[in-house]
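The chain is numbered in sequence order, starting from 1.
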Amino acid sequence: MIIKYTAFYAGMLAVFYVALSFRIIKLRLVHKVGIGHGESNTLHRAIRVHANFAEYVPLALLLLAFLELNKAEVWVLNILGTALLIGRLFHAMGLGKSAGTSIARTVGGILTYLMMLAAALLNILAVY
């Protein structure tokens, strides 16, 4: 079975992940920091945005793939995939600008958590 919807969202998210990686490389060059973040709060936030992405996206994509393999409706896959993509974009924008709370960071986190929770519950229900 082909899991083309998960593949699409994985591809989109991978492009974004690489962009986040390049941002860290650029900041490391600017601040002359090879490991860690030195004294740069901007680099520290960029590292955390990248790490947070790496912490949540793999499991979220796995949940999406399981739904697709279990023949979830296309609209469900697209809503969940879009929520994940937009959630990660908002989170990166919010945390990238400030270590404090922000509307973008909050919306991004909520979209990510809702996507994962919905996908998890739908996968559990798919057994019955």
Any heavy-atom pair between the side chains of [Y] and [X] that's under 4.5 Å?
X	Y	value
Phe53	Leu20	yes
Glu55	Asn52	yes
Leu84	Leu111	no
Leu13	Arg88	yes

Would you indicate whether [X], at its atom [atom1], is surrounded by more than 12 heavy atoms from other residues, nucleotides or ligands within a distance under 6.0 Å?
X	atom1	value
Phe90	CZ	no
Phe16	CZ	yes
Glu39	CD	no
Leu29	CG	yes

Can [Y] be reached from [X] by stepping across I, L, V, M, F, W or Y side chains whose heavy atoms are under 4.5 Å apart?
X	Y	result
Leu59	Val49	yes
Tyr56	Leu114	no
Phe8	Leu77	yes
Tyr5	Trp75	yes
Leu117	Leu85	no

Value rounded to 0.5 Å, distance of [atom1] in [X] from [atom2] in [Y]:
X	Y	atom1	atom2	answer
Tyr9	Leu61	OH	CG	11.0 Å
Leu43	Arg28	CG	CZ	5.0 Å
Glu68	Glu73	CD	CD	12.0 Å
Ile3	Leu64	CD1	CG	8.5 Å
Leu27	Phe22	CG	CZ	13.5 Å

If you look only at distance, which donor and acceptor atoms sit under 3.5 Å apart when one is on a side chain in residues 121-128 and the other is two or more places apart or in another chain?
residue	atom	partner	partner atom	Å
Asn123	OD1	Leu67	N	3.4
Asn123	ND2	Leu63	O	3.1
Asn123	ND2	Ala119	O	2.9

I need the single residue from Ile86, Ile110, Leu80, Ile79 that forms a side chain to side chain contact (heavy atoms under 4.5 Å, CB included) with Met115. Which is it?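 The single option meeting the side chain to side chain contact (heavy atoms under 4.5 Å, CB included) with Met115 is Leu80.
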
If I compare all heavy atoms of Ala46 with all of Arg23, which pair ends up nearest, and what's the gap? CB-NH1, 3.3 Å

Give me the atom names and distance for the closest heavy-atom approach of Ala60 to Met116.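 Looking at all heavy atoms of both residues, the shortest contact is CB-CG, 3.9 Å.
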
